[in-house]
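Input: a single structure, listed below in structure tokens.
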Amino acid sequence: MTSKEKPGERLKKIEQLKMCHIELDGNRELILDGCKGIVEYETQKIKICTDMVFVSVTGDDLNINTYNQDQIVISGKILSVDFS
């Protein structure tokens with residue numbers, strides 16, 4: 001973020017470019033904005049479709065806590081996040 005950017009401007013730019021935004025809380029929770037669908041859902045792997053890429057989350061005891069029109073929240077022991 002540049003010094004001239006206001007706090008919400010970066011997220012607006014991301015939305016305009018149709019990019020996904022990912023936040024991790026340690027290795028226990030992942031929040032992804034820009035989710036367009038769930039491709040694969042198992043306790044050790046969750047694969048998500050976005051406008052630009054597929055995001056694969058691997059780990060142990062993975063759960064989808066929240067899934068709505070544009071956001072998904074995944075919890076569990078997250079071991080990796082891959083893009084394809």
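Note that the coordinates shown come from a computational prediction; the quantities given were computed from them, not determined experimentally.
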Are the side chains of [X] and [Y] in touch, meaning some heavy atoms are under 4.5 Å apart?
X     : Y     : result
Thr50 : Val55 : yes
Leu24 : Glu29 : no
Val39 : Ile48 : no
Ile38 : Lys47 : no
Val73 : Ile64 : no

Single-linkage hydrophobic cluster Val57~Phe83, side-chain heavy atoms < 4.5 angstrom:
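Hydrophobic grouping puts Val57 with Phe83.
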Please walk me through it: do Asp60 and Gln44 pass side chain to side chain contact (heavy atoms under 4.5 Å, CB included)?
CA-CA 5 Å; Asp60 294 318; Gln44 293 185 329; 3.7 Å; yes
Closest heavy-atom pair and its distance - [X], [Y]:
X     : Y     : result
Ile31 : Gln71 : CG2-NE2, 3.5 Å
Lys36 : Asp70 : NZ-OD1, 3.6 Å
Tyr67 : Cys35 : CE1-SG, 3.5 Å
Asp82 : Ser80 : OD2-OG, 3.6 Å

Distance-only side-chain donor-acceptor flag, Ser75 / Asn65, under 3.5 Å:
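Looking only at side-chain atoms, Asn65 and Ser75 do form a donor-acceptor pair, the distance falling under 3.5 Å.
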Give, for atom [atom1] of [X] and atom [atom2] of [Y], the distance between the pair rounded to the nearest 0.5 Å.
X     : Y     : atom1 : atom2 : result
Asp25 : Ile78 : CG    : CD1   : 9.0 Å
Ile74 : Ile46 : CD1   : CD1   : 4.0 Å
Ile72 : Cys49 : CD1   : SG    : 11.5 Å
Phe54 : Cys20 : CZ    : SG    : 12.0 Å
Ser56 : Glu40 : OG    : CD    : 7.0 Å
Lys77 : Arg28 : NZ    : CZ    : 6.5 Å

Are more than 12 heavy atoms from other residues, nucleotides or ligands located less than 6.0 Å from atom CG of Asp61?
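Check fails, neighbour count at 12 or below.
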